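Data first, discussion second: the structure below is written as structure tokens.
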Amino acid sequence: MQAPIKLKVESPSNIAIVKYWGKKGHQLPMNASMSFTLSESKTIMEMEYTYSPTFSLEFYFDNEMNLKFQNKIEKKLLEFSEHLPFIKNAKLVISSKNTFPHSTGIASSASAMSALAFGISKIAVQLNLLAEDQLQVMSSNLARLGSGSASRSIFPFASIWGENKYIAEASNEYAIGIGETIHPVFKTLQDAILIVDDKEKAVSSTVGHELMNGHPHRESRLNFAENNLKLLLDALRNGDFEQFSKVAEHEALDLHSMMMTSTPSFILLSPESLAIISKIREFRALTNELITFTIDAGPNIHVLYPAESKVKVELFLENLYNAGLCKRIIKDKVGSGPKAF
Ligand code: PMV
């Protein structure tokens with residue numbers, strides 16, 4: 001009888017600059033996306049594996065048994081078992097928690113699904129069922145099946161998911177790390193998340209992706225995203241913060257314009273989101289500080305700036321908070337990807 005394998009996995013969320021919006025086939029992206037891997041906003045998952053003739057899962061969230069999440073995770077694990085058949089004969093006990101609050105616009109599905117995928121792949125490595133050099137590709141592929149954007153959380157600093165004209169080895173099935181190719185200024189990137197509203201998202205990403213099917217601007221969105229990827233790759237390589245800012249803001253606003261012009265139409269930005277955007281642009285014009293923003297499918301604003309701008313930008317953000325434009329600020333930064341102990 002084999003001893004149980006126990007693992008503690010920590011896996012971060014990520015923030016996309018070129019957005020994944022629209023899917024095809026089975027969890028494949030309509031366009032290639034790029035994101036930074038975060039460091040503070042993460043899922044911590046304790047996993048215990050024992051061999052069993054039949055599959056079983058016990059799942060705890062925040063130390064309490066959670067049947068809703070258990071059913072969801074069970075479905076994902078059974079899907080993963082097509083790639084890692086040992087899961088069919090696994091008795092798993094998983095206990096999960098996040099370091100960040102729910103519904104703050106931080107993608108908990110990205111951190112949770114990457115933690116689950118990374119953890120189960122790591123167990124496969126320990127069982128000699130997966131080669132160590134296949135760990136990232138397998139984890140990213142499984143994470144994608146859980147939640148598309150989760151595929152990008154597996155890599156240090158930055159990654160790209162989706163086939164594109166510029167990177168031959170990029171794939172629709174798993175993301176690839178580009179951390180080694182980016183300028184040092186971007187490795188110090190800070191992400192301060194201005195929480196404008198912490199209510200449940202009005203549009204789930206599943207509904208959001210569907211809005212791109214038959215969208216009147218679909219073709220132009222896909223061309224825009226592909227062109228933005230090229231501009232972004234150049235900016236990341238050359239340390240060109242101005243070009244980076246242009247792409248980040250265009251992509252965030254294009255995501256929202258897609259939602260505004262889809263059927264049904266959604267306006268997720270609130271008056272405070274727009275006020276924050278104006279203030280950021282004013283502050284930048286006045287001070288020449290390196291600062292930009294991105295937004296996911298909600299009203300909260302991710303303010304992006306390198307470590308060298310930290311002191312001045314964070315003073316400015318405190319003023320926005322004191323002016324009542326956001327409820328709180330969650331500070332995060334670029335990080336080095338999942339770990340298992
Ligand atoms: O991974 P999903 O299906 O939750 O989609 C994420 C979509 C965005 O967060 C809006 C953009 C992105 O690329 O992360």
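These numbers come from the heavy atoms of this one structure, side chains and all, not from hydrogens, waters or symmetry mates. Predicted model only: the values in this text are computed from it and were never measured. Along the sequence shown, residues are numbered consecutively beginning with 1. Counting starts at 1 for both ligands and their atoms, in listed order.
- Not one N or O of Ser33 is nearer than 3.5 Å to an N or O of ligand 1, by distance alone.
- Remark: among candidates Ala143, Ala150, Ser205, the nearest residue to atom 2 (P) of ligand 1 is Ser205, based on non-hydrogen atoms.
- Cluster membership for Ile301 and Ile195, using ILVMFWY side-chain heavy atoms within less than 4.5 angstrom, is not shared.
- Atoms of ligand 1 lying under 4.0 Å from any heavy atom of Ala16, numbered from 1 in the order shown and given with element: 12 (C), 13 (O), 14 (O).
- Of all atoms in ligand 1, listed by their number and element, those nearer than 4.0 Å to a heavy atom of Gly148 are 1 (O).
- The ligand atoms of ligand 1 that sit less than 4.0 angstrom from a heavy atom of Trp21 are 10 (C).
- Considering backbone and side-chain N/O atoms, Tyr20 comes within less than 3.5 Å of an N/O atom of ligand 1.
- The side-chain heavy atoms of Val203 and Val207, taken from C-beta on, include a pair separated by under 4.5 Å.
- The shortest heavy-atom contact between Leu84 and Leu142 is CD1-CD1, 3.8 Å.
- Residue Arg152 forms a side-chain contact (heavy atoms from CB on, under 4.5 Å) with just one option from Ser13, Ser35, Ser140, and that option is Ser35.
- In the candidate list Arg152, Lys19, Lys23, Arg152 is nearest to atom 14 (O) of ligand 1, counting heavy atoms.
- Taking the charged nitrogens against the carboxylate oxygens, Glu251 and Arg221 do have a contact shorter than 4.0 Å, which makes a salt bridge.
- Counting atoms of ligand 1 from 1 in the listed order, those under 4.0 Å from a heavy atom of His209 are 2 (P), 3 (O), 5 (O).
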Please walk me through it: do Leu320 and Ile276 pass side chain to side chain contact (heavy atoms under 4.5 Å, CB included)?
-> CA-CA 7 Å; Leu320 297 185; Ile276 292 169; 4.1 Å; yes
Could you go through the side chain to side chain contact (heavy atoms under 4.5 Å, CB included) check for Phe55 and Glu74 one step at a time?
-> CA-CA 9 Å; Phe55 173 84; Glu74 184 170 322; 3.4 Å; yes
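- In the vicinity of Ser147, heavy-atom distances shorter than 4.0 Å reach the ligand 1 atoms 1 (O), 2 (P), 4 (O).
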